Every structure is written in structure tokens, then in C-alpha cells.
Amino acid sequence: MTTTTAPSPLEALGDLGKWDASEASEAKIYAGDGVNLSGRWRSHRARRANDPGYRKALLEAAHLYERVLRGDRLAGLTFQEAMSTSDFSALFGDILDRQILARYQSMPVQWPTFAKRGRVRDFRQVKRFTLDGAEATLAPVRQLTEYPAASLADGMYAYQVGKYGRRVALSWEDLINDDLDAFASIPDRLGNAARRTEERFATALYASTSGPNSTFFSTGNKNLLAAGGSSALSITSLQQAYTLLASQVDSDGAPIYIESAVLVVPPALKVTAQNILNATEIRAASGGGSGTGNDQLTVANWMRNDVQLVVNPWLPIVTTTGTVGSTAWYLFANPAVGRPAMEIGFLVGHEMPELWMKSPNAVRVGGGTAAPEDGDFDSDSVEWKIRHVLGGTLMDPKSAVASPGQ
């Protein structure tokens, strides 16, 4: 998996971070959806983008925060004083909220290459209905005779989304001692956690603790390479898997068009997979099979263009039986084919991770509510919460092939 640099507070503001405060009225703020760090619903940022005063104040707050993170002590004192005002606290919450979204969006994501992205309205079980049939070649119709009828086979898949989240607490002393470095790391850590949750969830759908999901991948579904020496990842076995995938037919016996596929392998097979897909030539026997005979063909490696590689580090973590987690590999049809192998769904209006901050439960003796950064009454701890809502299901087994690789 490729690593990326965490977005800075100014980078998280999108185009706005490229402008000076004096030019903020012409800038465009990144528009996301979700909830404010303070725990209230995120205001519609499209409306905020039309407020030059808010844009300017947000940019100034981001500049101040960046100076604090660079170790500017004067900026740190100014920041601590400013945090005592409700307006600046709201601006700072907006900055952290945008940072977590920026980090979440910048972290590489793999599952959309082989799964469909879905949207659901609530937490109740949703059903996905599919139709198969009526796509066979048309039959000739004689004069004054009825058109032949075609039958449709319907399928149904069901799943529901659920909440995933975590609380993170820092002591008031840590915030003071770290000069707000802790603030800088929290959005990045929680943004990473949200994306990793999606990747692990998707992996656990098609891979079990013992290897490929035995209900989905089976000889009955014609999408499983038999265990044995020939199932280990190689040019020959990958060609067999691709042939198996391309040989699937619909309920009418008509072919399912597979234009491209995604090869998913654990880190242990990364080098093997790259060598196969990056090879410039393949030597094959004239009648097929490996090129070990006297009469061989040297052909261009067609798989370089037809197969995309995904290295999934979650496979050996999900599959823990023996060494299968390091040998099993999977081939998925591109979900654009219209028969996705799986779907990952998100709750409408909550499709991005949401960052919350615990409201203070203390008041100052002289009057007024304490700032959230002052911590709670009992322990002075400052607490954040992230919430992410997702779910998913396996769908069409005709769009995937698996191999135990041993």
C-alpha cells in the first residue's frame, strides 16, 4: 500500500489554503458533509463558502495553528488565549474536521477497484435485487407466430450498515506539554483508522480465517481453483483463473463479458504478481501450456493491460490458518461489468467519517462554560470520538475466482 504525507491544516482547507488572508474573499472552501467537531451537525459548507468573513477568519485560524505546530511560542500563547472564545473554538473545530476528511480522502483505498459502492437510507436491512436472463441471442420469429417468451431469474442479497468508532482522550497536561502536537496527530490517526476499517471489513467478506470464503468460492460455483501445486500463483494458474472467470455464463447460457480483472494478493505474493504482470513476454508451447517443449511461442504479455494488481496487507491478518493467508489469491471482475462480486454500503448523509469532541461538564467559578480544551471536571481529559457507518455483502460469485495457493 502506498503511503501518503498527512495533509497540513492549510492543505486540508483545499483551495482556500493557497490564498493569503487578504485574498480569502475570492477563495473556495472544500465542501464536505457530516458533523462538526463540536458534535453539532456540520453546517452546509456551500453556504459558508459564500461568506467572505467566515472564509477569512477560517484562513487566519489555520495560519495561526500552522505557526503553533512549527514551534512558534508567541503563536502558542495567542492560540491558547483565542481558544477561550467560542468563535475561535468553532473555527478550530472546523479545521480539525477538515483535516480528518482530508487525511481520509488522501489515504489509498483499494476495495472500490473490485467492489461496488452503495448507499443506504437507514440502519434497517436493505435488499439488493438482481435479474438474470433475457440476454440470450434473439430467436427467429416466423410470420404470424408469437414471439417466444424469456424467463428472468431474480436474486436477492441483503445487508445492513452498522456503526464503527473509537474514543481518544488526552490529558490537559499533554496538550500543554506538547504545544498542541497532539492535536495535529489526532485527525491523521482517526482518518487512517476510518479508511483501514473499510479495507478490513471488505477483506473479511471474501476471505475467512481459513482462506477464501467457502460459501462464495466453491467448485459448485465454478470459481475456485483446486488446492494443489497448480493453484500457487504463477503465469499458468493466473491464466487458468482468468479463463475460468471469462467462461462464466448467465442463466441463458450466454457469455458474461469480462473486459478487465483485478488480482488481489497478500504482501508475500507481491513480487511474484509484479513479475507476472510486468513481464514483457510469455513463452508458451504452440499447443498451449508452459513453454517447455521444442516448439514454443513468444508472445507479448497480454495480462499487463487486462489485469490490475492490488496488494492487500489485511489478507494474512484476516486469514490466520496455517500459511494460507500468505498464499491465497483472488481475481475479481471489474465491478463496472454490471455484476459486482460484492457491495460496500454507506449511510446516506454519513458517508464520511465524523469527528466529535466531548462537551465540557464544568463551569468556571467566575461564570461561563469552560472551553472543551480545558477538559472535563473530573480528570481534565480532552476527549474525541470518531464515528463511521458502513456495511456490505458478497453478491455474484460469477464475478470472482479464488485460489488457496497451496
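Computed from a prediction, not measured in an experiment: that's the story for all the values here.
Side chain of Ser326 to main chain of Ala268: no donor-acceptor pair is present (N/O by atom type, distance under 3.5 Å, no hydrogens or angles). At least one donor-acceptor pair under 3.5 Å links the side chain of Gln160 to the backbone N or O of Phe123. A distance-only check finds a donor-acceptor pair linking the side chain of Thr321 to the backbone of Thr209 [under 3.5 Å]. In this structure a side-chain-to-backbone donor-acceptor pair under 3.5 Å is missing from Asn334 to Thr113. Formation of a donor-acceptor pair under 3.5 Å by the Asn223 side chain with backbone atoms of Ala402 is not found in this model. Under the 3.5 Å distance criterion, the side-chain polar atoms of Thr145 are left unmatched by any main-chain donor or acceptor of Val141. In terms of modelled atom types and a separation under 3.5 Å, the side chain of Asp306 and the main chain of Ala261 share no donor-acceptor contact. Judged purely by atom type and a 3.5 angstrom limit, Gln406 has no side-chain atom pairing as donor or acceptor with the backbone of Thr327. Ser218 places no side-chain N or O within donor-acceptor distance of the main-chain N or O of Ser214, the cut-off being under 3.5 Å. One N or O on the side chain of Gln248 and one on the backbone of Lys222 form a donor-acceptor pair closer than 3.5 Å.
Taken from CZ in Arg167 to CZ in Arg387, the straight-line distance is 14.5 Å, to the nearest 0.5 Å. The distance from the CG atom of Leu390 to the CZ atom of Arg117 is 9.5 Å, given to the nearest 0.5 Å.
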Legend entry - Steps toward side-chain contact (heavy atoms from CB on, under 4.5 Å) verdict (Thr393, Arg128): CA-CA 10 Å; Thr393 183; Arg128 295 290 186 257; 5.7 Å; no
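Residues Leu277 and Arg304 approach most closely at O-CG, 2.6 Å, considering heavy atoms. Residues Leu309 and Ala273 approach most closely at CD1-CB, 3.6 Å, considering heavy atoms. Of all the heavy atoms in Ala207 and Leu315, the pair that sits closest is CB-CD2, 3.9 Å. Contact detail for Lys398 and Val249: the closest heavy-atom pair is NZ-O, 2.7 Å. Pairing each heavy atom of Ala158 with each of Gln125, the nearest pair is CB-CD, 3.6 Å.
Considering only residues two or more places apart in sequence or on other chains, Phe346 meets the ring pair (Phe, Tyr, Trp, His ring centres under 6.0 Å) condition with Trp111, His388. With sequence neighbours left out, the ring pair (Phe, Tyr, Trp, His ring centres under 6.0 Å) criterion links Phe332 to Phe114, Tyr206.
Side-chain atoms of Glu343 and Tyr159 form a donor-acceptor pair, as typed in the model, at a separation below 3.5 Å. No side-chain N or O of Asn301 forms a donor-acceptor pair with one of Thr280 less than 3.5 Å apart. With 3.5 Å as the limit, one finds a donor-acceptor pair spanning the side chains of Ser237 and Ser234. With hydrogens and angles left out, the side-chain atoms of Gln308 and Ser260 include no donor and acceptor closer than 3.5 Å.
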